[in-house]
Amino acid sequence: MRSDMMKKGVERAPHRSLFKAMGYTDKELQRPIIGVANAANELIPGHIHLDRISAAVKAGIRMAGGTPMEFPTIGVCDGIAMGHLGMKYSLGSRELIADSVEVMATAYPFDGLVLIPNCDKIVPGMIMAAARLNIPAIVVSGGAMMAGECGGKTVDLITVFEGMGKLKVGEISADELQELEDTACPGAGSCSGMFTANSMNCLTEALGIALPGNGTILAIDAARIRLAKESGQQIMSLVEQNITFRQILTPEAFHNAVAVDMAFGGSTNTSLHLPAIAHEAGVPLPLTTFNEISEKIPHICNMSPGGPHHIQDLHRAGGIQAIMKLLADASLLDTKCLTVSGKIMADNLQTAVVHDHEVIRPLGRPYHPTGGLAVLRGNLAADGAVVKQSAVAPEMLVHQGPARVFNSEEEAFGAIMNHQIKPGDVIVIRYEGPKGGPGMREMLSPTSAIAGVGLDKEVALLTDGRFSGGTRGAAIGHISPEAADGGLIGLVEEGDIIAIDIPGKTLTLKVADGVLAQRRENWQPLPAKITTGYMARYARLVTSANTGAVFKD
């Protein structure tokens, strides 16, 4: 056993003595040692209940003859960090989480690892660490939040963000916004739409690194506790069979994940996190793969923020396994891929059934003929930009308008809320990329404000930063190269005409080359926004969004 390095033999008597100081018995130390990475904290609604999940996981491990040893990780709630300095630290936390899990599982050579994340950067951060370690590992998340109800309508966190703009234009009252605030997030779990956290949790099933149901069983459902116990038992089987993480994270598994992502219309952030995980697994996953697969995969789930359905609806309809069954039956997935169930995907899908053909539509009757995400290129995004095309109004799929240029999210948000943005405008927010931000902030506040003031079908927003998975509208992010790296977005001036063609996958600044060359001669990047501490180091190490914003090798 791997854990023998720290516990077996006469020379490890001091080590065993320290374990016994914590109450471990000889019998427990003789068993396989399973690390349990628990991201529970009192700062994230999706994590407030993870101690219950961890207790169930540890019960499963013990039932199967192992000894669990739990340790914590940090976690940032993107919703609470949104719109202020804290959001600069969110994406950067992914690398810290990956590093911390790697450190713990190396300093303590566990025989296996159970990962218990639930939200935003915590899910990919833990998975990246397991890919580095390449030991038996399994993911079990905390589950999604129930959607709320207000005034007879289903609501979620995005309803509250958009409510700010509606209040500004007099569409709702302050009392109505207060009611939304009180009802939109009714309890524990990851926010209820197909935002970043739920997108990544669902993709753990498509990658094969979590048991069926992990993506959609709600946080409040007792089935979530049963799944946690089963995951604890299953890690012991993976250890016994020596099925390691990279045996599952193959190129075919990543292609399956992108296909499922396109089918359910996931967050644009998946185009950051899947390549970052693939990088750790030694698997190439360029942005071009997303477009190639998107052309083949219809968008068959219309989830919030682009549509009316929430994770509870998707689970009732059959969940991720039902989506995969449809794709597999059309030969759009590689079903020979190994999964943490110990079986190949084809075996897992035998009992999958679609129970609601409106939540999960047949391939021949999709919501959109191609996948939920699109990668755009052009002179304004030579290395790519990403848009959640399934959440874009049809009239904004092709658009041309004058640039309204801002060097920070705060400047743009103020202009939107003060009615300085007009129909047809193309808002450009720059110096918000991985390096320039630093940290590539999510910008749910400006996109929600645009929707709230009723301009989401008339205004586009471009940025070298990124968007929340809750964003809807013509919001194009991840523009690479970013402004801080000399990208063309840094040369855009007020009033320049920008042409957007999402079906054509192009993003073009319509300014003559000679004019751009002259502007470049006079260009200087903005001074660094953070000059001390972790994010200053992050800015020096991070690579572009089109590479997953991973650190330089």
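This one's a predicted model, so the numbers in the text were calculated from it and none came from an experiment.
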| request: Taking atom NZ of Lys457 as the centre, report whether more than 12 heavy atoms of other residues, nucleotides or ligands fall under 6.0 Å from it. | output: no
| query | Could you walk me through whether Glu494 and Arg404 pass the salt bridge (Lys or Arg N to Asp or Glu O under 4.0 Å) check? | reply | CA-CA 5 Å; Glu494 192 82 6; Arg404 303 296 311 280; 2.5 Å; yes
| query | Does the cation-pi check pass for Arg361 over Tyr367, that is, NZ or CZ under 6.0 Å from the six-membered ring centre and within 45° of its axis? | reply | yes
| query | Would you call Arg441-Asp78 a salt bridge at under 4.0 Å N-O? | reply | no
| In this structure, are over 12 heavy atoms from other groups packed under 6.0 Å from Gln518 atom CD? | no
| query | Which ring-ring contact (aromatic ring centres under 6.0 Å, His included) pairs, counting each pair once, include a residue from residues 519-538, with sequence neighbours left out? | reply | Tyr538-Phe551
| Going by atom types only, do Thr447 and Thr471 share a side-chain donor-acceptor pair under 3.5 Å? | yes
| request: Calculate, to the nearest 0.5 Å, the distance between atoms OG and CG belonging to Ser480 and Asp464 respectively. | output: 8.0 Å
| field | side chain to side chain contact (heavy atoms under 4.5 Å, CB included) partner of Thr268, the single match among Ile476, Val387, Leu373 | value | Leu373
| task | For the pair Asp425 (side chain) and Lys422 (backbone), establish whether a donor and an acceptor sit closer than 3.5 Å, ignoring hydrogens and angles. | result | yes
| said: Within a 6.0 Å radius of atom CG on Asn418, are there more than 12 heavy atoms belonging to other residues, nucleotides or ligands? | reply: yes
| task | Look only at the side chain of Arg246 and the backbone of Ala131, and say whether a donor-acceptor pair between them is shorter than 3.5 Å. | result | yes
| said: So, taking the atom named CE in Met443 and the one named OG1 in Thr463, what distance separates them when rounded to the nearest 0.5 Å? | reply: 3.0 Å
| request: Taking only Lys NZ, Arg NE, NH1 and NH2, and the carboxylate oxygens of Asp or Glu, determine whether Asp329 and Lys325 approach each other closer than 4.0 Å. | output: yes
| Where is the tightest heavy-atom contact between Glu409 and Gly83, given as atom of each residue plus distance? | OE2-CA, 4.1 Å
| request: Identify the heavy atoms of Ala549 and Leu91 that sit nearest to each other, and give their distance. | output: CB-CD2, 4.1 Å
| request: To the nearest 0.5 angstrom, please state how far the CG atom of Leu462 sits from the NE2 atom of His478. | output: 13.0 Å
| message | Regarding Arg519 and Asp496, does a basic nitrogen lie under 4.0 Å from an acidic carboxylate oxygen? | response | yes
| Is there a donor-acceptor pair under 3.5 Å between the side chain of His419 and the backbone N or O of Ala415? | no
| Donor-acceptor pair, Thr244 side chain versus Pro136 backbone, under 3.5 Å? | no
| Atom CE in Met262, atom CD1 in Ile297: separation rounded to 0.5 Å? | 9.0 Å
| message | Checking the side chain of Asn214 only, and the main-chain atoms of Glu205 only, is there a donor and an acceptor separated by less than 3.5 Å? | response | no
| field | Asn118-Asn201 side chain donor-acceptor pair, cut-off 3.5 Å | value | yes
| message | Once rounded to the nearest 0.5 Å, what's the spacing between atom OG1 of Thr370 and atom NZ of Lys296? | response | 13.5 Å
| message | I'd like to know if Arg472 pairs up with Glu162 as an ion pair, taking the criterion as any Lys NZ or Arg NE/NH1/NH2 lying under 4.0 Å from an Asp or Glu carboxylate oxygen. | response | yes
| Going by distance alone, is a donor N or O of one side chain under 3.5 Å from an acceptor N or O of the other, for Gln247 and Asn134? | no
| message | Is it the case that the side chains of Asn302 and His309 hold a donor-acceptor pair, with the cut-off being a distance below 3.5 Å and no angle test? | response | no
| Between Gly548 and Arg94, what is the shortest heavy-atom contact and its length? | O-NH2, 2.8 Å
| task | Could you tell me whether the side chains of Ser190 and Asn198 share a donor-acceptor contact shorter than 3.5 Å? | result | yes
| query | Between Asp501 and His399, does any side-chain donor sit less than 3.5 Å from a side-chain acceptor? | reply | no
| For Ala206 and Met324, which heavy atoms make the closest approach, and how far apart are they? | CA-SD, 3.7 Å
| query | Nearest 0.5 Å, what's the CD1-CG distance between Ile320 and Leu349? | reply | 11.5 Å
| task | State whether the side chain of Arg430 and the backbone N or O of Gly490 hold a donor-acceptor pair below 3.5 Å, judged by distance alone. | result | yes
| Do the side chain of Ser408 and the main chain of Glu411 share a donor and acceptor less than 3.5 angstrom apart? | yes
| Sub-3.5 Å donor-acceptor pair from the side chain of Thr106 to the main-chain atoms of Val103, do we have one? | no
| said: Test your reading of the model: is there a side-chain donor-acceptor pair from Thr289 to the backbone of Leu285, 3.5 Å cut-off? | reply: no
| task | Return the minimal non-hydrogen interatomic distance between Thr73 and Ser100, and the atom names on each side. | result | CG2-OG, 4.1 Å
| For the student: nearest non-hydrogen atoms of Ala483 and Ile489, plus distance | N-CG2, 3.5 Å
| message | Taking side-chain hydrogen bond (donor to acceptor under 3.5 Å, both in side chains) as the criterion, tell me which of Lys121, Lys388, Arg466 meets it with Asn269. | response | Arg466
| request: Look at the side chain of His299 and the backbone N and O of Gly372, then say whether any donor-acceptor pair between them is shorter than 3.5 Å. | output: no
